K.L.:
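Can you read through this structure? Questions will come right after.
The sequence lines fix the lettering, A, B, ..., with proteins before strands; numbering per chain opens at 1. Since we're looking at a predicted model, the values are computed, not measured.
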Amino acid sequence: MFCFQCEQTSRDGATAGCAGAKGVCGKDEVTADLQDLLIYELKGIGQYTHRLHKLGKPDADADRFSLYALFTTLTNVNFNRARFTDMIAEAATIRDRVAKAYEVEAAAAGKIPAMLGAAAHYQPAGDLSGLLAQAPVASVRAGVEKVGEDVIGLRSLILYGLKGVAAYAHHAEVLGEEREEIYAGVAKALDFLASDSTDIEALLGEALELGKLNYTVMETLDAANTGNFGTPTPTAVRTTPVAGKCILVSGHDFGDLRAILEATKDQGINVYTHGEVLPAHAYPKLHAYPHLVGNYGGAWQNQQIEFAAFPGPIVMTSNCLIEPQPSYRNRIFTMGPVGWPGLKHLTHNDLGILVQAAKATPGFATTAPEKQILIGFARDTVLGVAGTVVEAVKSGAVKHFFLIGGCDGAAPGRNYYTDFADNAPQDTVVLTLGCGKYRFNTHDFGTIGGLPRLLDVGQCNDTYSAIQIALALANAFNCGVNELPLTLVISWFEQKAAAVLLTLLALGVRNIRLGPSLPAFLTPNLINVLVEKFGIQPVTDAKADIQAALTRAA
Amino acid sequence: MDVTIVTRDGARLGVPCAEGQNVLAAAEEAGLYLPSMCREGSCGMCAAHVTEGAYEMGACAEGALPKGEGGVLLCRCLALSDLVVEVPVRDEQIGRHRVPERRAVIAGLVPAGAGALAVTLQLEADETYGAAADFVPGQFFEMTLPGADVRRAYSLANLPNWDGRLEFIIRLVPGGRFSGWLAAEARVGQMLELRGPMGHFALDEASPRPRVLVAGGCGVAPILSLLRQMAEYGDATPVHLIYGANREAEFLPPHVLAEMKAALPQLDVTYAVWHPEAGWNGFVGTAAEALSVVLASGAAVPDIYVCGPPRMLEAVEGAALAAGVPAAQFFAERVQS
Ligand code: SF4
Ligand code: SF4
């Protein structure tokens, strides 16, 4: 196995990356190798679907499968090797179908079918040991001795960005928002990866292309969320338990949450959000369910403790899953792209077992004193008070905005973001999104010019909303985003953050602080490019970085 | 050496720690499950601070090591003397196999081959544990003989379920106190006191190797549970069951394994009879002897799971070691007799 797609990757060896029997996240060698093979097949599928899109004859099922399959390979999503063996077989069937369709459609259009590279013709072995023997061809580092580390690094950046794109696009798709442009873009990126390009400029160009595509994807997801559930409004969310039977929903998928809320209606079961499902409370149509009673626990890395203590079943709808402890193994379920060997997988049509589990587990015996946090400052709310905000800046009451966004993690280095938020001067506003905020969203930040000083924009998925806020501010001040008194401080963990970063770069946003460590797949040469072209800076010390940001702005 | 774990809320938990053993593993051996993830010093999940004593920190990722004096990752921390370690969790947050005490009603008593009984219990709903039968396939419960201070442990044969159903296959030992009571006095509807689940006999699901499961007599109970688990989750790992008995009549009724085979198409079964009657045309000999034959013919070295009486376990382990199966690939559970 070799995997270096996330921030916590092992940095012990000569080449940073998880290369032992098990990754830091708990992904084992077999699963990692099968994931590589699945991606190799997806590249092969992309070679055909890209051409089918160009011929105006897309295969919707193949496109949807590609999103879903890419999503399963994100960090902390699916660890179930049986699932990957199945998907590898399914991918081969799909590939054969699109290959045939391409032949037919090319002929019908009077074209000679293109000769396609190896991935298009790959035949997966029939059993596990055969598959594992094939895995080296599909490794992210395949061919490094010929093409060099920089090329491998850029290909990885594209692949990981693409995984993030696919995850967001899948969330939108299951809520009924699909766009031809997105499917065509994903197919094109897969086809590009299949071409094994060694041209640094072309690779960089493709990475930025993907950033643009991701902007459309995030816009689509925003439309899917607001279209289905209404526009987020500031909402106080209960963070303490209520007596009674209970279910905990974690991950990111609001569609799954809605299905669970429907299945548990009038059953005397309370539903709690966990992790990145918290922003659900701000959406009017989800908030309307009386049995969506509150949020339980914090960010994903505390789940082993929190899930063990939760007296009911738990559902993981997307990342971030970590190895379930024995004490709650039987009562944690997976949905959508998520999987772990030995955990029950649910679909929207078989939620009966979840209800049964909620009734068979003890539930909370008592109601704890009420505590609340305030969430839901998405773009409409912030833009609704844009006048106040602009005034506050012009009058000097607000000196600077910090957008602290991204993921949390277990390493103590993540304290940087809490320190940053806590040390931001009183005349600055902190916008936040993603799960990094759980470390500080219970701290008291006070108010400024009639606005709370800490504005929670939502999930990591809500970067679109944050970008809209920045663009609107730039508009109001008649300047570019880079001229705004705004600093982006990004804490990346997995591949969705890679996609978001590419989007920000594609939009020309400069001077982003990135941490807690830089991606292992970026070589010193590539980091230089990022620093020179985009002014990206690694995080240092929170106080020093705040000072630097304020000095630059002044 | 002794390690004292001090929780955030001040509880002090003593844990014996062997030389060369990391503190995380030592705590687990003592039944304390602290947060952890990669177990190789990279993720930072098991961060803690040593406040007293000498220790050695193995290799770990720089960023993962907590700041401040005595910052350690427990998965990489070896005690060189007695230690006091502060962990950033509260006492109640530490996972514990504090063994639940439950009550259950006898719901079924049915013969299961010569000299054995299939016993089904229905758990009573309970404020702390709810109504579910929550266990890991391979685990056992301990039952108390009503009105006496006699306890016996029996492995579960079914899967965890939300209905609170526990299924056992129990050998009727001539003169045995508990099984004697089961055979003569136990009735459907009677209440039993239980403790459980307990035990660490469980599938290594992450292993890529094929599996050989060896069952001796009523040792088939947890083996069935493991097979059912594989079937339930569509686990396609090659698996061979060696099912040994003294006499053919002791085997479970044939439909049990026929159903198993239908649910788990890759399952191979070898029946081994030690003292066959005329007409037996299967393998003649002990389960251990059958295992030697299977190991000699197979290509990959499998993981071996065995459950049976102590003497049988010894013989099977001997056969496995002789065939070059590493000890780490050998999982055993003993049947009480
Ligand atoms: S996802 Fe991250 S932790 Fe897991 S194997 Fe890959 S790089 Fe390692
Ligand atoms: S923000 Fe990132 S790390 Fe956090 S829950 Fe979402 S995907 Fe996981």
K.L.:
So what's closer than 4.5 Å to chain B heavy atoms on Arg331(A): side chain, backbone, both or neither?
P.N.:
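Both backbone and side chain.
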K.L.:
Look at the aromatic rings of Tyr416(A) and Phe420(A) and report parallel, tilted or perpendicular, splitting at 30° and 60°.
P.N.:
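Correct class here is tilted.
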K.L.:
Examine whether an atom of Ala82(A) lies under 4.5 Å from a heavy atom of chain B, and if so say whether it belongs to the side chain, the backbone or both; otherwise answer neither.
P.N.:
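Side chain only.
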K.L.:
Restricting to non-hydrogen atoms, name the atom on Ser327(A) and the atom on Asp134(B) that form the minimum distance, rounded to 0.1 Å.
P.N.:
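Answer, listing the atom of Ser327(A) first, then Asp134(B): O-OD2, 4.3 Å.
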K.L.:
Please state whether the side chain, the backbone, both or neither of Asp12(A) comes within less than 4.5 Å of a heavy atom of chain B.
P.N.:
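Contact with chain B is through the side chain of Asp12(A) alone.
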K.L.:
Parallel, tilted or perpendicular: which describes the rings of Trp340(A) and Phe79(A), with under 30° parallel and over 60° perpendicular?
P.N.:
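Answer is tilted, since the angle falls between 30° and 60°.
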K.L.:
Going by atom types alone, do Asn76(A) and Glu494(A) pair a side-chain donor with an acceptor below 3.5 Å?
P.N.:
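Side chains of Asn76(A) and Glu494(A): no pair found under 3.5 Å.
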K.L.:
Does the gap between the ring centers of Phe364(A) and Phe310(A) come in under 6.0 Å?
P.N.:
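So the answer is yes for these two rings.
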K.L.:
Which bit of Glu205(B) comes within less than 4.5 Å of chain A, counting heavy atoms only: side chain, backbone, both or neither?
P.N.:
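For Glu205(B), backbone and side chain are both near chain A.
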K.L.:
Testing the basics here: between Ala104(B) and Leu121(B), what is the closest heavy-atom pair and its distance to 0.1 Å?
P.N.:
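For Ala104(B) versus Leu121(B), the nearest heavy atoms are CB-CB, 3.9 Å.
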K.L.:
Could you tell me which of Asn80(A), Leu128(A), Thr85(A), Ile353(A) has the largest number of non-hydrogen atom pairs under 4.5 Å with chain B?
P.N.:
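Among the listed options, the one with the most contacts to chain B is Ile353(A).
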K.L.:
Val136(B) and Arg329(A): side chain to side chain contact (heavy atoms under 4.5 Å, CB included), yes or no, with the steps?
P.N.:
CA-CA 8 Å; Val136(B) 180; Arg329(A) 237 176 206 247; 5.6 Å; no
K.L.:
Run the salt bridge (charged side-chain N to carboxylate O under 4.0 Å, His left out) check on Glu142(B) and Arg102(B) step by step: do they pass?
P.N.:
CA-CA 10 Å; Glu142(B) 191 183 77; Arg102(B) 306 289 301 264; over 6 Å; no
K.L.:
Ignoring hydrogens, what is the shortest heavy-atom contact between Gln303(A) and Ile322(A)? Give both atom names and the distance.
P.N.:
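Smallest heavy-atom distance, with atoms named: OE1-N, 3.1 Å.
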K.L.:
For chain A, which residues of residues 69-78 of chain B have at least one non-hydrogen atom nearer than 4.5 Å to it?
P.N.:
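The residues closer than 4.5 Å to chain A amount to none at all.
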K.L.:
Given heavy-atom pairs under 4.5 angstrom as the criterion, report whether the side chain, backbone, both or neither of Lys344(A) touches chain B.
P.N.:
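It is both, since atoms from each part get that close.
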K.L.:
Which residues pass the ring pair (Phe, Tyr, Trp, His ring centres under 6.0 Å) test with Phe140(B), not counting sequence neighbours?
P.N.:
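Ring pair (Phe, Tyr, Trp, His ring centres under 6.0 Å) list for Phe140(B), sorted by chain: empty.
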K.L.:
Is Ala61(B) close to chain A through its backbone or its side chain, or both, or neither, when contacts mean heavy atoms under 4.5 Å?
P.N.:
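Contact with chain A: backbone and side chain both.
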K.L.:
Sort Ala236(B) into side chain, backbone, both or neither according to what part of it lies under 4.5 angstrom from a heavy atom of chain A.
P.N.:
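Looking at Ala236(B), nothing touches chain A.
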K.L.:
Is it the backbone or the side chain of Thr128(B) that comes under 4.5 Å from a heavy atom of chain A, or both, or neither?
P.N.:
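Backbone of Thr128(B) only, per the 4.5 Å heavy-atom cut-off to chain A.
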